Amino acid sequence: MKAFIKFDFNTACKKILKEKLEECGIKHRILGFGEVEFLEKVSPEKLNLFSKLLDPYGIEIVKNQKTILIQKIKDAIVDMVFNENISVNVKSSVYLSEKLNYSYGHLSTLFSEVTYTSIENFIILQKIEFAKQLIINNELSLTEIAFKLNYSSIAHLSSQFKNSTGMTPSAFQRVIIKRKELINKNNP
Amino acid sequence: MTTEYITIYLADDDADDRLFFTDAFDELKINTKVSTFNDGVDLMNHLNDPDAILPNVLFLDLNMPKKNGLECLLEIKKNEKFNDIAIAIYSTSSTEEHIEETFINGANIYIKKPNDFETLKKILSEVVTINWQYHTSNLNKDNFLMRM
Amino acid sequence: MKAKQLYNSTLLLKVIFTISVAVIFFIAAITYKHITTLKESSKWVEQSHEINVELERLMSYIKDAETGQRGYLLTKNEEYLKPYLTSKSLINNSYKRVSKLTSNSLIQKINLKHLLFLINKRHNYLSKTLYLVQTEPNYDHKVLNEYLHVGRLTMDSIRLKIEEMSSTQKKILQNRQLEYESSMNYTPLLIYLTLMVTLVLITIAFIKINRDVVKLSKTVNTLSVANEVSSLAEIVGGFGSWQHNFETNTYTFSDNEYRLLGCEPQSFEASIEEFIKFVHPDDLEYVMENVKNMALLATLPSFTYRVIRKDGEIRHFRTIGRAVKISSGERTYIGTTSDVTEEIYAKNFIEERNRELESNNKELTAFNYIASHDLQEPLRKIETFLSRLISSDFSTLSKPGQQYVNSIQTSANRMRTLIDDLLQFSRTTKTEKSLEKVDFNLLLENAKVELNQIMETKNAVIESNNLPTLKVIPFQIQQLFINIIGNSLKYSKENTPPIIKINSSKIAANSDKSLPANNHNYYKITFEDNGIGFEQEYATKIFTLFNRLHNKNKYEGTGIGLAICKKIVENHNGFIFSKGVLNEGSMFSIYLPFE
């Protein structure tokens, strides 16, 4: 005897995913078109387990090409900003383009598309982050930090810092210092 | 930020301000899910619910009855469960000392409620975007300080 | 050294006195001796004289006896025997007397014995002779002559003896006289010597006593003057003093202590019981407690209480006391009681005014704050809703409608600026702000960042020398910089890039004429610009609240910026001055005190 079966892959896959996710105890949100959002941080072991559970169903976790490239760009930028060995005179566009083997235009477009912000903005963000770290470390003066980060003057650093964060580097420093004092007061 | 959405909470006792807020996000092209609360107690009850979905960004008005924004801030900072939430103080004008105090007590962002709608949209957009950068690029959220 | 010490000690007087007394006794003794010796010497003269007389008498009696006998022998008259018969007893008596008189001389005693022997012998022979003659009518004349011869010889011997005795007595007397004289010779010398010594001692004593007396009278004088001054001081200063002697448990009140209570000085016996009769009944317990503390504490801290004077007026007194050791060694408490009524009233008055001022101030501050802060909310809503209206429906409005909306927005903006400024002004208070050491260069940098946009628009240049680090309220000084520099940027000349020069210098105390001479050092910071300047006659007016030199259409602003600057500077006990030259530029100088 034969029965005719119609497959609704979407529902079936969704169900399997849901089951396995629940089995692994991963809080999740199933978005459309093969995307699952984990609502909490998932440890590599758990991820592995989940992958393994999906294996028999022929379902595998795919690393998005785009995502990988974006991550590469980000890593390269972080490297460029934080790494002192990289020559300060190299233009970021040239550096990235050479390092990742794509034209800067392509990288730029892709980056904006995915992250909704430009590479330039991201670079500034990273620089300011670095400045923040240096300020917290409290080993260099603001002038030295400006120099280290390749700003033409402390005013230039202050200006960009303020544009990015809305506060001056010294105001930021004050907050950090007073936060530390508060922690010390509460945990003597 | 394609099909993912960003969860936003707002605690503000003023109905007009809640309206401005939700309208602004409606007009922004960012995928957000906005929930509003009328006062601090309401907010904390919801946050402390074990089933609750925690927000990416929480906007706190300072002047609220029953439990004001500062009290909520302190309570939230004490709980490790809320460490990933970016807290933005969303308030009418305060003194410099007061603003500094909110940062010292753990706020990430201080927003002075703007007096026109377009500015509000711009500010909210920037806050959410930058927060997203922190979220996706593994930047240290402790250093996330912004003032708008 | 020792001599001087000796000279100055009071012991000296006692010593001198003792010596003087001793000397006087000594002189008395000598005088006494002198007198007795004198007496003795005259006695001896008398005695000698008497001895001589007596010896003569004796001789005479013996002669009488002899004469009698002779007479009888011649006349055979019994009548002539009378003196002979009486002579025996007379001779005996006389001899006894002489013997008594010469009892103190050994030689004379021997002589006397001799004499007695001779007298007896004579007598013997006399009686023998008589017997011979009387009993035998025929007596042997030879025997008679022999008897008479022996008699005469004996008589001669007697005479010799008596002469000898007489001269011996004279010699004895002479010796005694010599002795007396010799001993008496040095007496005057001794007396003169002791007199000299005494004189010297008396002189020393006199000098010392004189000096002491002078010192004493000076001291007494000073003391009485001091006493008088002290009494007057009490009257002038409106206080009285008292003493409590613990040993004798007595009190002493100064005259003014009585006057303070409205009584005549010393009009009642000084005691605690009498004093507390004047104390206000409500304060009685408090006063008694403090009085009890006198016995326990070495220092009685001051306490204030009310009294009701004799005339019924209520006054406020303050008493303070301390235990002291006075020179007599007795434990004493001394203290003062001051009439502090005026002081108390003044203090109360000031406190009352202060309270009034404080409460006024609080009201004003609260009002100020509420007015600016709470007005913001509705204004913001107006502005926001207006902006939404404009962005969504502006085009659908009629032409006049659009104009109205624009006007509303302009007014709203103006109101916003005013409220912002008022809010800032009300926040520029001094209370409860802590001072921090801040580098002014940093504050300048921050101000530049705040004003970055307008600086870039106008191509402004800000020059500064090294600014100091001072203890200030950081946010306020920051605002000060922003306001002043902001003003310079706002009021710049058209088409001229603003150049702002900021300079700081130390000003030594009392050296700058524009500052009061109050011995404080100041830092002077000047802000000089090349803007449109202003007329110098408005130099102080521009710091008044809401005062503007231009209308709001040409230059926007509320006229509060400089008033805020002035308030900030005054919060730091500093000063701010302005100098302007129309169409050339302005200079603002701020002075901030530092340690």
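Residue numbers begin at 1 in each chain, while the letters A, B, ... track the order of the sequences. For clarity, every value in this text was computed on a predicted model and none was experimentally measured.
Proximity to chain B (any heavy atom under 4.5 Å) is restricted, for A:K27, to the side chain, taken from C-beta onward. With a 4.5 Å cut-off on non-hydrogen atoms, A:I135 does not touch chain B at all. Both the backbone and the side chain of A:K178 come within contact range of chain B, with heavy atoms under 4.5 Å apart.
Using a 4.5 Å cut-off on side-chain heavy atoms (C-beta onward), B:Y110 and A:M167 make no contact. In this structure, the side chains of A:V175 and B:R147 stay at 4.5 Å or more apart for every pair of heavy atoms.
Surrounding NZ of A:K18 are at most 12 heavy atoms belonging to other residues, nucleotides or ligands under 6.0 Å away. Within 6.0 Å of NZ in B:K81 there are more than 12 heavy atoms belonging to other residues, nucleotides or ligands. Remark: B:F82 CZ is packed, more than 12 non-hydrogen atoms of other residues, nucleotides or ligands lying under 6.0 Å away.
Ranked by heavy-atom pairs shorter than 4.5 Å toward chain B, the options A:E181, A:K74, A:K180, A:Q133 are led by A:K74.
Taken from CD1 in A:I177 to CD1 in B:I104, the straight-line distance is 10.0 Å, to the nearest 0.5 Å. Taking NZ of A:K132 as the reference point, atom CG of B:D142 lies at 11.0 Å (rounded to 0.5 Å). Between the CG atom of A:L182 and the CG atom of B:N105 there is a distance of 6.0 Å, given to the nearest 0.5 Å.
Residues that satisfy the side chain to side chain donor-acceptor pair (under 3.5 Å) test with B:D17, not counting sequence neighbours, are B:K113, C:R380. For B:K77, there are no side chain to side chain donor-acceptor pair (under 3.5 Å) partners, not counting sequence neighbours.
Among the residues in residues 117-128 of chain A, those with a non-hydrogen atom closer than 4.5 angstrom to a non-hydrogen atom of chain B are A:T117, A:F122, A:L125, A:Q126. Scanning residues 104-112 of chain A against chain B with a 4.5 Å non-hydrogen threshold yields no residues.
Closest approach of B:N143 and A:F172 over heavy atoms only: O-CE1, 3.9 Å.
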